[in-house]
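In what follows, every chain begins at residue 1, and chains take the letters A, B, ... in the order their sequences are listed.
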Number of protein chains: 2
Amino acid sequence: MRMTKRSTVIDVAKAVGVSPSTVSRYFRGITVAEGVRARIAEASARLQYQPDETARALRGGRTRTLGAIIPQVTNSFYAQAVQLIEDEAHKRGYAVILLTHQENAEQQAAQLSTLRRYRADGLILAPAAGSTAEGIRNVVHGMPVVAIDRFLSPAMDSVVLRNHDAARTATEHLLQHGYKRIACLLSRREIMSFEQRWNGYKEALESRRKAPILIEAPNHDELRYHLCSALLSRKGPDALLCFSNRATRTALQAYDELALPKTSRLPLLGFDDFEMAAMVDPAVSVVRQPVENIVRHAISILFERIAGNDSLEMQNVALPGEMIYRHSCGCK
Amino acid sequence: MRMTKRSTVIDVAKAVGVSPSTVSRYFRGITVAEGVRARIAEASARLQYQPDETARALRGGRTRTLGAIIPQVTNSFYAQAVQLIEDEAHKRGYAVILLTHQENAEQQAAQLSTLRRYRADGLILAPAAGSTAEGIRNVVHGMPVVAIDRFLSPAMDSVVLRNHDAARTATEHLLQHGYKRIACLLSRREIMSFEQRWNGYKEALESRRKAPILIEAPNHDELRYHLCSALLSRKGPDALLCFSNRATRTALQAYDELALPKTSRLPLLGFDDFEMAAMVDPAVSVVRQPVENIVRHAISILFERIAGNDSLEMQNVALPGEMIYRHSCGCK
DNA sequence: CTGAAAGCGCTTACAG
DNA sequence: CTGAAAGCGCTTACAG
């Protein structure tokens, strides 16, 4: 058992022969006399002193901590986002508390509450279906929050994909291939990004006087079941637009499950690129989200808010997606 | 601007007409008179009071915070692990601070130091190549840490795959398919799990008097380059054992890059299952790690240590993998 | 550039 | 079961 207590500012101050305030100044990067500086550095190293963040947080009011709440980390889009958030936070001397809501508004409320207790300085949030800006604000109070991936309200900063346009472009691409009955595959239309994509898709169809086809189910198995039924029906869809990498996987699995020969698999275009997209046969075409820019933007807005920049007006950023046409959409 | 300060124990205490100690007891689940309990609950709700974790941490010595340090979250194995860690932590009222070391020992040292400053109560760590138990202990001092995925030393708790056996079994499976020149694909042998797999592989080969073939490079592009060379050489390998899902992807990409026809792609067996494994053609055979059990075990050991259970001896757990034979290994 | 004093919001013994 | 007092380790004004 290691019984040596960790050292404090006072220990360092005594060792150097200055006051604790001076040691504190040194660690906050405030000017300290040249000679003193070196001695504090030496003593701190020797005593293995590091400022205690819990004490700093209590006294200083800032925790140097960021919250990140996402649906789940096992979705590669969010995994990427989390990695980028962690990188950006690290650069700025911040640590990130990671929480997931599993698409459950109640769990999200609990996580928000946790973040409030821990007094995170700010929050990056991919809000759960059914949550509102007001409900969120209500839990975290004055904490700056910027939404990513899913727009919530003009009254809350957000950085998302230009969902409507991306879906419209994707749908038009499929239409140009000559498909007549393009179906959308998605989990829940309440999720704002899906709602926006749905509207973009409908708009593209309507200009050609075609009717939308919706295949929707909250979980993987149900969705696959519905899709299989659709695939086996007489006048089923002849192309698929998958609204997430989850949905794309569902489609591919359905093909597998029905043991469809390669030739009778429906052409398909998905949202979110994924590592194995080019390795699947045929290689999956996708609209790729600019996840690096989404996160960078979100983080920079967040730190403006944390810095208390009140002159910055509400930001509602929508970034264009990148169409990656491989072969699954019908391209050669 | 919300200028209403958040309320404190004192506010609640005053509202109820008891001392702050009593309010504190209520929130720590210590017996409080029946009637008082209800009034504290009511006042806390009304004042939106929640204990400030930074103050609790400073006074109580516990932060209710867990550190998780992994190589990166964009590897699906670690993404799963992180999700599970977050779930388990949540159940126990803990928040997790997520940090990544990007396979860089210096960055790991920095992250460990961060965790010390934030005074995490414990740490789950997938240690970077080249780090030692002693070096780690040296930074985090008395903080309990359990290693996952990569064994470090008998002197540090660890929960890993039974790497040697899994690699041996995998290699034997490939040998039974009749392959003569099985090559290993991996990033760095310094990574303990790879070292152990390498030994298991060698052992299987040696019993058949075959020579091992190593294709090793620290990054994706270099590895792919080496693999392509090997694939194009006269007496190149006739089967591949990929030591990580990264390596598996490298192999599939090399096949793609060389535009190898399906028939002349080398049979392959990978470590780590991944979402699209069954969707690739041919479906990828893998040894799946019991990631749920690895994390559950690690967390339960960690909380024993946090609880100060000194009678618990060092745990070095190795869990068996699960062979999933799809088609890429040569199985029909 | 530096120091002495106060206090952030809790929890911890100590009494009763 | 409850309260008064002290203190966790810092940083923040306030003086000088």
Side-chain angles (χ1 to χ4, degrees), chain A residues 4-41 43-44 47-65 93 114 116-121 141-142 308, chain B residues 4-41 43-44 47-65 93 114 116-121 141-142 308:
Chain A
T4 51
K5 276 209 324 222
R6 47 191 291 165
S7 34
T8 69
V9 246
I10 298 183
D11 300 325
V12 176
K14 276 186 189 147
V16 176
V18 294
S19 76
S21 322
T22 300
V23 177
S24 170
R25 286 188 193 99
Y26 169 82
F27 279 99
R28 283 175 297 135
I30 294 175
T31 339
V32 162
E34 178 97 22
V36 176
R37 199 156 49 200
R39 277 150 62 211
I40 293 179
S44 304
L47 298 173
Q48 309 205 63
Y49 171 74
Q50 281 191 290
D52 180 324
E53 291 294 342
T54 68
R56 297 185 110 171
L58 180 57
R59 180 62 241 248
R62 285 166 48 211
T63 56
R64 278 160 250 266
T65 263
T114 298
R116 184 176 181 237
R117 282 188 287 112
Y118 283 89
R119 280 204 191 175
D121 291 342
H141 293 90
Chain B
T4 50
K5 277 213 319 229
R6 45 191 294 166
S7 33
T8 69
V9 245
I10 297 182
D11 300 326
V12 177
K14 275 187 191 144
V16 176
V18 294
S19 75
S21 322
T22 300
V23 177
S24 169
R25 286 188 191 98
Y26 169 83
F27 278 98
R28 284 175 295 135
I30 295 174
T31 340
V32 162
E34 180 96 22
V36 175
R37 199 156 49 202
R39 277 152 61 213
I40 293 178
S44 304
L47 298 173
Q48 308 205 67
Y49 171 73
Q50 282 190 288
D52 180 325
E53 291 293 343
T54 69
R56 296 184 111 172
L58 180 56
R59 181 61 241 248
R62 285 168 47 210
T63 56
R64 279 160 249 267
T65 263
T114 298
R116 183 174 180 239
R117 281 188 287 113
Y118 283 90
R119 278 204 189 175
D121 290 343
H141 292 91

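Considering only heavy atoms from C-beta on, A:Val18 comes within 4.5 Å of A:Val23 through its side chain. When side chains are defined from C-beta on, B:Arg116 counts as touching A:Arg6, because their heavy atoms get closer than 4.5 Å. Taking the side chain as every heavy atom from C-beta outward, A:Val12 and A:Tyr26 never approach each other to under 4.5 Å. Contact check for A:Tyr118 versus B:Thr63: no side-chain heavy atoms found under the 4.5 Å cut-off.
Place B:Thr31 and B:Gly60 on DNA chain D by their nearest nucleotides, and B:Thr31 ends up nearer the 5' end. Residue B:Ala55 is the one, among B:Arg25 and B:Ala55, whose nearest nucleotide of DNA chain C lies closer to the 5' end (criterion: closest heavy atom).
Rounded to a whole Å, the CZ atom of A:Arg117 is 12 Å from the P atom of C:dT11. Here the C1' atom of nucleotide C:dC10 and the CD atom of B:Glu53 are 10 Å apart, to the nearest Å. Rounded to a whole Å, the CG atom of B:Leu47 is 14 Å from the P atom of C:dG9. What separates NZ of B:Lys14 from P of D:dA4 is a distance of 13 Å, to the nearest Å. Going from atom CZ of B:Arg56 over to atom P of D:dC10 covers 21 Å, rounded to whole Å. Residue A:Arg28 contributes atom CZ, which lies 18 Å from atom P of D:dG9 at whole-angstrom precision. Taking atom CG of B:Asp52 as the reference point, atom C1' of C:dC8 lies 9 Å away to the nearest angstrom. Nucleotide D:dC10 holds its C1' atom 14 Å from the OH atom of B:Tyr118, rounded to whole Å.
Remark: B:Thr8 is not in phosphate contact with C:dG9, judged by side-chain N or O atoms under 4.0 Å from OP1 or OP2. For B:Arg59 and C:dT12, the shortest distance from a side-chain N or O to OP1 or OP2 is not below 4.0 Å. Taking side-chain N and O atoms only, A:Ser24 has no distance below 4.0 Å to OP1 or OP2 of D:dC10. When the side-chain nitrogen and oxygen atoms of A:Arg37 are compared with OP1 and OP2 of C:dC1, none of them lie within a distance under 4.0 Å. Distances shown here put a side-chain N or O of B:Thr22 below 4.0 Å from the OP1 or OP2 atom of D:dG3.
Among the nucleotides C:dA4, D:dC1, C:dT12, the one closest to any side-chain atom of B:Ala33 is D:dC1.
Within the nucleic acid shown, B:Arg119 comes within 4.0 Å of sugar-phosphate atoms alone, with no base atom in reach, counting heavy atoms only. Counting any heavy atom pair closer than 4.0 Å across all strands shown, B:Tyr26 reaches no nucleic acid atom.
Under the Watson-Crick and G-U wobble criteria, each requiring two contacts below 3.5 Å, nucleotide D:dA13 is left unpaired. The pairing partner recorded for C:dA4 is none, the criterion being a Watson-Crick or G-U wobble arrangement whose two distances lie under 3.5 angstrom.
Not a single donor-acceptor pair under 3.5 Å links the side chain of A:Thr54 to the backbone N or O of B:Ala57.
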